[in-house]
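Here is the structure we will look at.
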Amino acid sequence: MNTNKIIKVALVGQPNVGKSMLINSISNARLKVGNFSGVTVAKEQVILKYKDYTIEIVDLPGSYSLNEYTQEEKVTKNFLNNSEYDIILNVTDSTNLERNLYLTSELLALDKKMIIALNMNDEAIKEDIFIDEVQLSKILGKPCIKTSATTKQGIDKLIKEIVKKHESEKLSTKLIFSNVIEEEIANIIGFFNDSGFKCKNSFRQIAIKLLKEDKETYKFFHDEPIWTKLQPILNSAFEHIALHYDTKNVEDIFNEEKFSFAKGAVTETVTVKTHVEKTLTEKIDSVLIHKVFGLPIFLFLMWGLFQLTFEVGNIPMDIIDAFFANLIDNTKEILGDNQLSSIIADGAIAGVGAVVLFIPNIVILFFGIALLETTGYMSRVAFLLDGFFHKFGLHGKSFIPLVTGFGCSVPAYMAARTLKNERDRLLTLFIIGFMSCGARLPIYVLFTGAFFSESNAGNVLFLIYIGGAILGLIAAKVLKILVFKSEDEPFVMEMPKYRLPSFKLIWHTVSNQAMMYLKKAGTFILAASLLIWVASNYPKHLDVEETYNQKIELALSDEEKLALENELALYNLENSYLGYVGKFSEPLFAPLGFDWKMSVALETGLAAKEIVVSTLGILYGLGEENDENSKGLVEKIRANIPFASGIAFIVFVMIYLPCLAATMVFAREAGGWKYLVYLFVFTTGTAWVLSFITYNVILLLT
């Protein structure tokens with residue numbers, strides 16, 4: 001057996017955490033004192049024998065952070081970045097854990113093997129401070145051991161853990177930043193992967209250092225050919241982050257990140273029994289994340305938001321609707337009654353108009369969500385829901401991608417990267433689609449407006465969103481039991497300070513989402529609307545048209561003439577390319593009460609959910625004159641679709657596959673096309689079964 005195995009340990013901690021006492025309490029140790037090379041800072045080294053190992057512990061100078069403000073911080077940072085060592089032993093003060101975890105968060109970013117000594121535990125007990133070290137170990141992904149240099153508590157356990165950690169594989173770090181920084185880290189990692197860059201450090205570690213504007217890292221990249229492409233990515237990242245934090249000072253931003261991380265970890269694991277005067281943040285938290293009142297407050301706020309979305313959003317809708325109806329009439333008047341005027345008016349303008357109509361609702365919904373996010377409230381909700389989520393087999397950290405899913409599934413799928421456990425991440429990816437994205441809102445507004453009174457529509461809209469979320473949680477539980485079996489992992493939710501709403505940031509979020517929506521309407525949806533118009537107008541049946549035209553000419557009254565015209569329009573529609581597709585798939589959807597037009601709308605919705613509305617607008621608008629007495633799309637839906645079918649349709653839309661862009665991102669994030677097949681089968685199957693049940697239950701009740 002080799003009796004000369006050496007384990008090098010870097011002992012790191014803030015000043016006055018008892019590092020020196022901890023070293024002195026290790027028995028049978030030789031103490032060597034000297035200076036770090038080139039500086040006057042004292043260097044203490046302890047060497048001890050344990051079994052067949054020689055453990056060398058280098059006591060690094062006490063440092064509040066790795067910012068290089070003081071000589072001690074420079075020495076510590078330089079040693080950790082450039083010297084050879086096996087393990088970091090991070091000593092913390094149990095009586096002031098939150099402050100000490102600032103440094104711990106920086107050490108976690110180094111992505112090395114690490115042990116955390118919760119020192120001065122005897123003093124913590126005297127002060128009625130109790131730390132759940134098992135939970136803290138799970139949160140940080142590093143073993144946490146309670147120690148006391150004076151009573152020698154945990155010293156033997158610490159030495160055994162050093163050997164155990166040395167002999168075991170290094171686990172990936174669990175340091176997670178806020179959403180906006182994680183998003184930029186993912187962008188930089190993606191850039192390195194795409195460019196085939198090679199480096200001894202992990203891409204994540206490099207990305208963090210770049211965002212922290214680490215001088216050594218910048219110096220290295222300045223001489224690399226990759227710098228010219230990397231620089232614009234970093235500039236864009238800094239702009240995005242600065243907008244969220246309302247400052248360009250990177251140091252302040254990362255200090256706030258450390259504060260949020262430490263606050264979250266302590267909230268989760270530390271209990272203080274003695275009465276301490278609460279800060280304003282703690283007083284607000286005692287109400288908003290109260291075990292009993294917290295969830296009802298959150299639900300009430302969301303209910304209020306959906307009421308506003310419907311009530312206030314409805315006011316400009318009439319103006320937009322009238323504008324597009326007028327535009328269609330004027331276009332037909334100018335261009336005359338021909339195929340060109342029809343494709344522009346009934347295809348392009350009607351299709352895009354049906355989608356643009358819902359811009360006010362989209363803006364109000366995103367304004368509300370952005371308002372709650374910028375104040376720091378949404379982070380609290382994630383903490384609040386952690387225990388509730390665990391009952392359904394979900395990770396508390398899943399809340400962020402799920403809430404993001406109410407906006408758009410694309411960033412929601414990307415936000416799931418913050419979950420480091422593969423099974424937790426896949427499970428979250430599979431249920432994001434149950435959270436109704438902004439693109440589904442127009443469909444809900446259209447159908448709730450058609451089937452419910454204006455006073456109830458907001459409540460129904462709220463129920464649809466909450467219902468989708470509850471179905472998602474039930475689906476998560478089923479998948480957790482049957483497919484994604486794994487042990488639950490705890491999480492630390494960053495607890496940022498409460499802030500006054502940043503209207504600059506809210507404007508950025510809302511305007512971005514609105515512009516994305518309009519861009520989609522002006523490009524993708526415009527193209528889809530034209531395609532749907534062509535598919536619903538061709539092939540032409542000239543012989544049938546001639547027969548009908550003869551009958552129309554011989555018609556004795558205007559009513560008879562109108563009936564024949566509508567009959568001809570219906571025949572042409574049913575025998576168009578779109579009609580063939582609809583008729584082919586109609587038997588599949590018939591048990592749900594859907595006619596072929598609704599079936600086609602669902603199928604076009606696989607490309608983008610907004611197209612469902614424009615498809616219905618085109619299909620149910622054909623054969624009707626757009627004069628001043630023309631009924632709006634809401635009226636057309638009410639007149640053509642039975643109540644039970646309409647509600648079943650909403651249920652189907654709530655659950656089935658998201659848009660094409662989102663499904664592509666899902667496949668990439670999940671790790672392969674096979675997962676997309678599973679998602680399609682799972683969501684479509686669930687949507688069909690639940691729509692079938694809904695349709696038949698409503699038929700029985702009505």
Side-chain angles (χ1 to χ4, degrees), residues 105 109 175-191 204 207-214 217-218 229-261 263-264 281 305 359 362-382 397 399-401 403-418 437-438 493-520 665:
S105 69
L175 176 65
I176 305 297
F177 296 97
S178 63
N179 257 19
V180 72
I181 288 178
E182 280 296 330
E183 194 181 314
E184 296 308 333
I185 289 170
N187 288 341
I188 297 167
I189 292 170
F191 166 72
R204 181 177 175 83
I208 293 167
K209 284 185 174 182
L210 284 167
L211 291 177
K212 283 185 172 181
E213 293 185 329
D214 179 71
T217 311
Y218 269 71
K229 289 181 181 174
L230 178 60
Q231 199 172 12
I233 290 168
L234 289 174
N235 291 343
S236 168
F238 287 127
E239 274 178 39
H240 184 206
I241 292 167
L243 191 62
H244 273 262
Y245 283 87
D246 204 22
T247 176
K248 288 186 177 179
N249 188 319
V250 172
E251 196 181 312
D252 287 352
I253 289 167
F254 276 93
N255 281 340
E256 187 161 333
E257 286 284 313
K258 283 186 278 182
F259 165 82
S260 301
F261 173 80
K263 172 97 176 141
T281 293
L305 178 56
I359 275 282
I362 296 284
V363 167
I364 294 162
L365 182 67
F366 279 113
F367 176 82
I369 290 173
L371 189 69
L372 295 175
E373 276 179 350
T374 58
T375 54
Y377 176 63
M378 281 302 194
S379 296
R380 266 80 185 171
V381 178
K397 196 87 181 177
F399 173 76
I400 296 299
V403 161
T404 309
F406 283 124
C408 177
S409 299
V410 173
Y413 286 134
M414 291 167 77
R417 291 172 185 174
T418 58
C437 64
M493 187 66 238
E494 295 80 14
M495 290 286 195
K497 294 171 185 169
Y498 282 108
R499 286 194 191 95
L500 286 170
S502 162
F503 287 100
K504 190 179 175 186
L505 181 56
I506 290 170
W507 166 251
H508 172 78
T509 306
V510 174
S511 60
N512 260 13
Q513 293 292 346
M515 286 312 295
M516 272 170 62
Y517 188 79
L518 282 171
K519 196 176 173 185
K520 215 194 268 187
V665 175

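FYI, side chains are in, hydrogens and waters are out, and symmetry mates aren't considered; it's all heavy atoms of this structure. Everything quoted here is computed from the prediction, not taken from an experiment. All residue numbers in this chain count up from 1 along the given sequence.
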d(Glu184 CD, His244 NE2) to nearest 0.5 Å is 9.0 Å
Shortest non-hydrogen pair, Leu211 vs Ala237, comes out as CD2-CB, 4.0 Å
* Asked: How about Ile188 and Leu234: do any of their side-chain heavy atoms sit closer than 4.5 Å?
  -> yes
Closest heavy-atom pair, Gly368 versus Leu305, reported as atoms and distance to 0.1 Å, is CA-CD1, 3.5 Å
Going by the angle between their ring planes, with limits at 30° and 60°, are Phe503 and Phe367 parallel, tilted or perpendicular?
-> parallel
Quiz item: So, Glu257 side chain and Ser178 main chain: donor-acceptor pair closer than 3.5 Å or not?
Solution: yes
Taken to the nearest 0.5 Å, the spacing of Ile208 CD1 from Glu182 CD works out to 7.5 Å
Taken to the nearest 0.5 Å, the spacing of Ile506 CD1 from Ser511 OG works out to 11.5 Å
In short, Tyr218 meets Leu210 closest at the heavy-atom pair OH-O, 3.0 Å
inquiry  = Contact between Asn235 and Gln231 at the side-chain level, heavy atoms closer than 4.5 Å - yes or no?
reply    = yes
N/O donor-acceptor pair under 3.5 Å between Ser236 side chain and Pro232 backbone
no
Of all heavy-atom pairs linking Arg204 and Phe177, the shortest is NH2-CD1, 4.0 Å
What one should report as the nearest heavy-atom pair of Ile253 and Tyr245 is CG1-CB, 3.7 Å
